[in-house]
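Only a predicted model underlies this, so the values are computations on that prediction, with no experimental measurement involved.
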Amino acid sequence: MIPVPVVVTVLGGWCAVYLADTLLKSSNSLKASYEDWLLTYGLSVSPFHLRWQTALFNRQFYNWGRWKPKFLYLWFSVGMVFGIVAMFGSVILLGKTLLQTLTQMLTEAPKAQNDRMLQVVVSVPSSERFVFVPLVFLLCFILLSCPHQQVPGVNLPISQLTYFFSAILISGVIHEVGHGVAAIREQVRFNGFGIFIFIVYPGAFVDLFTTHLQLISPVQQLRIFCAGVWHNFVLGVASFMVLFLLPAILFPFYYTGVGALVTEVAEDSPANGPRGLFVGDLVTNLQDCPVYNVEDWNSCLGDISEKSQVGYCVSAATLQQLSFPARVYRRLDGTVECCSNNSLTDICFSYSNKLESHLYACMPARKVIEASKVCRTNMDCHKDFVPSFCVTPSLENQTRLIRVKHPPHIDMLYVGHPMHLQYTVSLSSFVPRQNFLSIDLPVMIETFCKYLISLSGALAVINAVPCFALDGQWILNSFLEATLSSLIVEKQNRELVGFLILLAGSALLAANVALGLWMVTAR
């Protein structure tokens, strides 16, 4: 949940801003100068909404809009095609997502809250301007193509907030730059650009002359209305390319493919301790699974979690030497324990021989595992005619004994759920070539690119939905005007068709949002 101090700070800050604004506007002596000051700097204040608009960037926008007209014509024409395809594609995606969510709700209990949740921010063209508004009621829209997204205050760590809000702001600015440059390219007057904060979400907008926008042809309107989602798509692709090429970009400073570098170990992590992992350690193996990068680390932990516990080859002589008598009893989950609960070094191992299939021995874990190869059955241990057994840790369900190699240090032996290790240890695939290079820089770039891909991509998909108050509404209206004017002569009939489609699209989006909220809050 959202921490109470954060809620109090946000609400208290907005109350203070709104109270100060109200008092200054109510003061007979300060009202005129205060309103002049707001007008001079393009500021406006309303409950939970602070906006700044300026004409400082108008010249730059006009330079962009008049740069290489033929190229821009081709650029925004491609964007128009993309916007139309995205409009139809978003409906298919919404429908597929809704069916999948309903099926999941009817067949099983809700999954963890990190399943396919994605914050949604939308661009709302009003009658006077295009405004990038982060709508709170769309925060939990489900995207099949974007798993493991996070919601602030629910499953988004505070350390990630900077990435999250920066990606939202950049996505919004790029979105509005698309609208603004396309409008200038189509000879629509550009009045200004602005940025605002709605509660805690940043946004952007461009102010266009509405009359000019209404006078141009439907195809020209389409180029303008589709430019926002087109630019968000391009931003997502560019971020993906940077992420994909990051090893090559950082090659002069960092090398990859040698292991996963530990960048952070949480204080409450089971890996935190004298014989645990430390920042700067290079993990090369999990059990017998080689680790060359972070993807291998996650993959190995996933395999370890899904498969049964591996065993270790121990000779009969070593087994007799290390084991000692212990009382065998069953845990509540049915698994067997044969060591004292007070032991921090001994683990109960199970094995079998030709006479008995269920034997147990309490032995020192490190002595058993060191210099032993992993096995599944006794057959895996038959070598050099030395009698050996495959001994398997007898642990609680879902608990695993994992040997983590991070040379030159002694192997770490981890007992617990593999996912706890994954969630409490942060790693990087990039190893600095020089000691003075930061181990966090590649992680920061990777994380920011991933947020840009997710949020900018979500903004492109959501805004293309034919729904009231989204870019999709204006894309649909212009598309119908461009394609149905000869088939449906009466404008009122075309508007009715558009209204019915918008109504259906809005209902489809609302259903996804409602189910998304339910899924993200369900336990």
(message) If you count every heavy atom of other residues, nucleotides or ligands that lies below 6.0 Å from Phe251 atom CZ, does the total exceed 12?
(response) no
(request) Taking the side chain as every heavy atom from C-beta outward, state whether Leu455 and Phe164 have any pair of such atoms under 4.5 Å apart. (result) yes
(request) Determine the minimum heavy-atom distance between Ser46 and Trp14, stating which atoms define it. (result) O-CZ3, 4.3 Å
(request) Count the heavy atoms of every other residue, nucleotide or ligand shown that sit under 6.0 Å from OH of Tyr18, and state whether that count exceeds 12. (result) no
(request) Test side chain to side chain contact (heavy atoms under 4.5 Å, CB included) on Phe278 and Val265 and set out the steps. (result) CA-CA 7 Å; Phe278 295 90; Val265 180; over 6 Å; no
(request) Mark yes or no for whether Ser305, through its side chain, and Leu301, through its backbone, hold a donor-acceptor pair below 3.5 Å. (result) no
(message) I want to check something: taking the side chain as every heavy atom from C-beta on, are Ser485 and Arg494 in contact at a cut-off of under 4.5 Å?
(response) yes
(message) Which heavy atom of Val443 sits nearest to which heavy atom of Ser428, and what is that distance?
(response) CG2-CB, 3.4 Å
(message) Whether the His406 and Asn285 side chains hold a donor-acceptor pair (N or O, under 3.5 Å, no angle test) is what I'd like checked.
(response) no
(request) Determine whether the side chains of His231 and Trp75 contain a donor N or O and an acceptor N or O closer than 3.5 Å. (result) yes
(message) For a quick check under 3.5 Å, do Gln422 and Asn298 share a side-chain donor-acceptor pair by atom type?
(response) yes
(request) Please confirm whether the backbone N or O of Asp268 pairs with a side-chain atom of Asn272, one donor and one acceptor, at under 3.5 Å? (result) no
(request) Without swapping roles, check the side chain of Ser456 against the backbone of Asn232 for a donor-acceptor pair under 3.5 Å. (result) yes
(request) Taking the side chain as every heavy atom from C-beta outward, state whether Val91 and Leu508 have any pair of such atoms under 4.5 Å apart. (result) yes
(request) Determine yes or no for a side-chain-to-main-chain donor-acceptor pair under 3.5 angstrom, with Asp281 supplying the side chain and Leu277 the backbone. (result) no
(request) Verify, without hydrogens or angle tests, whether Tyr292 (side chain) and Glu295 (backbone) share a donor-acceptor contact under 3.5 angstrom. (result) no
(request) Ignoring hydrogens and angles, tell me if any N or O in the side chain of Gln221 forms a donor-acceptor pair with the backbone of Leu213 under 3.5 Å. (result) yes
(request) Kindly determine whether Glu481 and Ser478 satisfy side chain to side chain donor-acceptor pair (under 3.5 Å), including the steps that lead there. (result) CA-CA 5 Å; Glu481 287 295 321; Ser478 298; over 6 Å; no
(message) A side-chain contact here means heavy atoms from C-beta on lying under 4.5 Å apart; do Pro418 and Ile402 qualify?
(response) yes
(request) Report yes or no: is the cationic atom of Arg51 (NZ for Lys, CZ for Arg) under 6.0 Å from the centre of the six-membered ring of Phe198, at an angle within 45° of the ring normal? (result) no
(request) Return yes when atom OH of Tyr62 has more than 12 non-hydrogen atoms of other residues, nucleotides or ligands closer than 6.0 Å, and no otherwise. (result) yes
(message) To the closest 0.5 Å, what do you measure between CG (Asn293) and CG (Leu427)?
(response) 10.5 Å
(request) Answer whether the closest heavy-atom distance between the side chains of Ile216 and Ile224 falls below 4.5 Å. (result) yes
(request) Report the C-alpha distance between Leu208 and Asn191 in whole Å, list the side-chain angles of each, state the deciding distance to 0.1 Å, and finish with yes or no for side chain to side chain contact (heavy atoms under 4.5 Å, CB included). (result) CA-CA 6 Å; Leu208 306 178; Asn191 295 327; 5.8 Å; no
(request) Quick one: sort the Tyr163 and Phe448 rings into parallel, tilted or perpendicular, breaks at 30° and 60°. (result) tilted
(request) In sequence, state the C-alpha distance, the side-chain angles, and the governing distance for Phe82 and Phe233, and then conclude on ring pair (Phe, Tyr, Trp, His ring centres under 6.0 Å). (result) CA-CA 9 Å; Phe82 171 81; Phe233 171 75; 4.4 Å; yes
(request) Taking the side chain as every heavy atom from C-beta outward, state whether His49 and Phe196 have any pair of such atoms under 4.5 Å apart. (result) yes
(message) How close do Trp67 and Leu72 get, counting heavy atoms only, and between which atoms?
(response) O-CD1, 3.0 Å
(request) Apply the test side chain to side chain contact (heavy atoms under 4.5 Å, CB included) to residues Trp297 and Leu286: give CA-CA distance (whole Å), side-chain angles for both, the deciding distance (0.1 Å), then the verdict. (result) CA-CA 8 Å; Trp297 163 274; Leu286 292 173; 3.8 Å; yes
(request) Flag yes if more than 12 heavy atoms outside Tyr34 fall under 6.0 Å of its OH atom; otherwise flag no. (result) yes
(message) Please verify the inter-ring angle class for Phe61 with Trp64; under 30° counts as parallel, over 60° as perpendicular, anything in between as tilted.
(response) perpendicular
(request) Kindly determine whether Val206 and Phe193 satisfy side chain to side chain contact (heavy atoms under 4.5 Å, CB included), including the steps that lead there. (result) CA-CA 4 Å; Val206 290; Phe193 169 83; 3.8 Å; yes
(request) Fit a plane to each ring of His179 and His175, take the angle between them on a 0 to 90° scale, and name the class: parallel (under 30°), tilted (30 to 60°) or perpendicular (over 60°). (result) perpendicular
(message) Any side-chain to backbone donor/acceptor pair from Trp230 onto Met80? Under 3.5 Å, distance only.
(response) no
(message) Contact between Phe71 and Leu74 at the side-chain level, heavy atoms closer than 4.5 Å - yes or no?
(response) no
(request) Enter the distance from Met241:CE to Ile249:CD1 here, rounded to the nearest 0.5 Å. (result) 9.0 Å
(message) How long is the straight-line distance from CG of Leu496 back to CD1 of Ile488, given to the nearest 0.5 Å?
(response) 9.0 Å
(request) Just jot down the salt bridge (Lys or Arg N to Asp or Glu O under 4.0 Å) partners of Asp21, sequence neighbours excluded, or say none. (result) Lys25
(request) List the atom of Ala511, the atom of Leu98, and the distance in Å for their closest heavy-atom pair. (result) CB-CD1, 4.0 Å
(request) Examine Phe499 together with Phe468 and report whether their ring centres are nearer than 6.0 Å. (result) yes
(request) May I ask you to check whether Thr97 and Asn512 show a side-chain donor-acceptor distance below 3.5 Å? (result) no
(message) Just so I know, are the side chains of Ile168 and Tyr451 near enough to count as touching, which here means a heavy-atom distance under 4.5 Å?
(response) no
(request) Could you tell me whether a side-chain N or O of Ser90 sits under 3.5 Å from a main-chain N or O of Met87, the two making a donor and an acceptor? (result) yes
(request) Answer yes or no: is there a donor N or O on one side and an acceptor on the other, between the side chain of Gln220 and the main chain of Ser217, under 3.5 Å? (result) yes
(message) Just verifying a value: how many Å separate Phe253 CZ and Phe436 CZ, rounded to the nearest 0.5 Å?
(response) 8.5 Å
(message) Restricting to non-hydrogen atoms, name the atom on Gly259 and the atom on Leu282 that form the minimum distance, rounded to 0.1 Å.
(response) C-CD1, 3.8 Å
(request) Apply salt bridge (Lys or Arg N to Asp or Glu O under 4.0 Å) to Arg185 and list each qualifying residue two or more places apart in sequence or on a separate chain. (result) none
(message) Rounded at 0.5 Å granularity, tell me how far CZ in Arg223 sits from OH in Tyr73.
(response) 4.5 Å
(message) Please find the pair of heavy atoms, one from Tyr255 and one from Pro432, that lie closest to each other, and give the distance.
(response) CE2-O, 3.8 Å
(request) Calculate, to the nearest 0.5 Å, the distance between atoms OG1 and CD1 belonging to Thr54 and Ile195 respectively. (result) 10.0 Å
